[in-house]
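Written out below as structure tokens is the structure these notes cover.
Computed from a predicted structure; not experimentally measured. In what follows, every heavy atom counts, from backbone to side chain, and hydrogens, waters and symmetry copies are set aside.
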Amino acid sequence: MRLIFLGPPGAGKGTQAKLLTERYGIPQLSTGDMLRAAVAQATEVGKRAKAVMDAGQLVSDEIVNEIVSDRVDAPDCAKGFILDGYPRTVPQAIALDRMLETKGLKLDAVIELKVDEAALVRRMENRVAETVAAGGTVRSDDNPEAFRRRLTEYREKTAPLSDHYARIGQLKTVDGMAGVEAVTAEIEKILA
Ligand code: AMP
């Protein structure tokens, strides 16, 4: 099973991807998590990405295309994977199409979580409050200014991907405003 989750920051992509990893026994490939790990380890990629991520902007296509291509080759991806936060631009989607073709792999579905933008800021604030209450570290881009920028980046660069995948008949849209379990049930119906 090879899936892509599309949707703005706070739409619930990470939550749903995590639930599906258990159901299908395939890993969640979050480019945001991979980049945050690179920043934490101060690798060359991490050093290049940090300021861009903190500002809520997108890291270059070249960097993310390469980390995803390498990650997909790992043995735990043999049965499939769930892409969360990638692709995020039309050139990334085109690079992914080519990468999968070269590797002889096909996508099963692209699932878009549709959400009301006003709810997204509230979700981000709740995520920050829950992280603080649990004694965790708040993401450096989970603040109002960077979050607004992330939403703008989404609208300008990522939202056009829906058309890209609709044109090739792979787009499935789910109401992301429903509760977590209802959204999971909708996704499972699509994948059945
Ligand atoms: P996320 O955890 O998916 O919200 O991503 C956090 C940040 O990592 C984004 O705001 C970008 O700066 C960067 N990032 C994650 N995935 C990508 C991607 N596919 N393309 C470019 N930048 C990305």
Partner residues of [X] under the salt bridge (charged side-chain N to carboxylate O under 4.0 Å, His left out) criterion, sequence neighbours left out:
X: R123; result: none
X: E156; result: none
X: D108; result: none
X: D61; result: none

Could you tell me whether the side chain of [Y] reaches within less than 4.5 Å of the side chain of [X], counting heavy atoms only?
X: R149; Y: Q57; answer: yes
X: T21; Y: P27; answer: no
X: V180; Y: L19; answer: yes
X: M99; Y: L96; answer: yes
X: T137; Y: T131; answer: no
X: P91; Y: I94; answer: no
X: L58; Y: R88; answer: yes
X: D175; Y: V115; answer: no

Sub-3.5 Å donor-acceptor pair from the side chain of [X] to the main-chain atoms of [Y], do we have one?
X: R150; Y: D141; result: yes
X: R2; Y: G80; result: no
X: T158; Y: T89; result: no

Item to check | Closest non-hydrogen atom pair between L161 and A93, with its separation | outcome: CD2-CB, 3.7 Å
Checklist entry - Which pairs pass side-chain hydrogen bond (donor to acceptor under 3.5 Å, both in side chains) with one or both residues in residues 34-48, sequence neighbours excluded? => result D33-R36, E44-K47
Item to check | side-chain hydrogen bond (donor to acceptor under 3.5 Å, both in side chains) partners of residues 181-192, not counting sequence neighbours, each pair once | outcome: Q16-T184, R23-E188, E186-K189
Not counting sequence neighbours, which residues clear side-chain contact (heavy atoms from CB on, under 4.5 Å) with [X]? List them please.
X: E117; value: L120, L151, R155
X: V39; value: K50, M53
X: R122; value: A119

Checklist entry - Between L35 and V64, is a side chain to side chain contact (heavy atoms under 4.5 Å, CB included) present by the stated rule, with each step listed? => result CA-CA 8 Å; L35 290 166; V64 286; 4.0 Å; yes
Checklist entry - To which residues is F5 joined in a hydrophobic cluster, defined by side-chain heavy-atom contacts under 4.5 Å among Ile, Leu, Val, Met, Phe, Trp and Tyr, whether direct or through other members? => result M1, L3, L20, Y24, I26, I82, I111, L113, V174, V183, I187, I190, L191
Item to check | Nonpolar side-chain network containing Y154, other nodes, edges under 4.5 Å | outcome: none
Item to check | All side-chain hydrogen bond (donor to acceptor under 3.5 Å, both in side chains) counterparts of D76, not counting sequence neighbours | outcome: R71
[X] [atom1] to [Y] [atom2] distance, which is reported to the nearest 0.5 Å:
X: I4; Y: Y86; atom1: CD1; atom2: OH; value: 8.5 Å
X: L83; Y: Q92; atom1: CG; atom2: CD; value: 10.5 Å
X: L29; Y: D84; atom1: CG; atom2: CG; value: 9.0 Å
X: T152; Y: F147; atom1: OG1; atom2: CZ; value: 10.5 Å
X: R98; Y: N65; atom1: CZ; atom2: CG; value: 10.0 Å
X: Q28; Y: T15; atom1: CD; atom2: OG1; value: 9.0 Å

Next on the checklist: Pair R127, R139 - check side chain to side chain contact (heavy atoms under 4.5 Å, CB included), show working.
Outcome noted: CA-CA 10 Å; R127 177 159 77 186; R139 277 174 52 165; 3.7 Å; yes
Item to check | Other residues, nucleotides, ligands: >12 heavy atoms within 6.0 Å of K103 NZ | outcome: yes
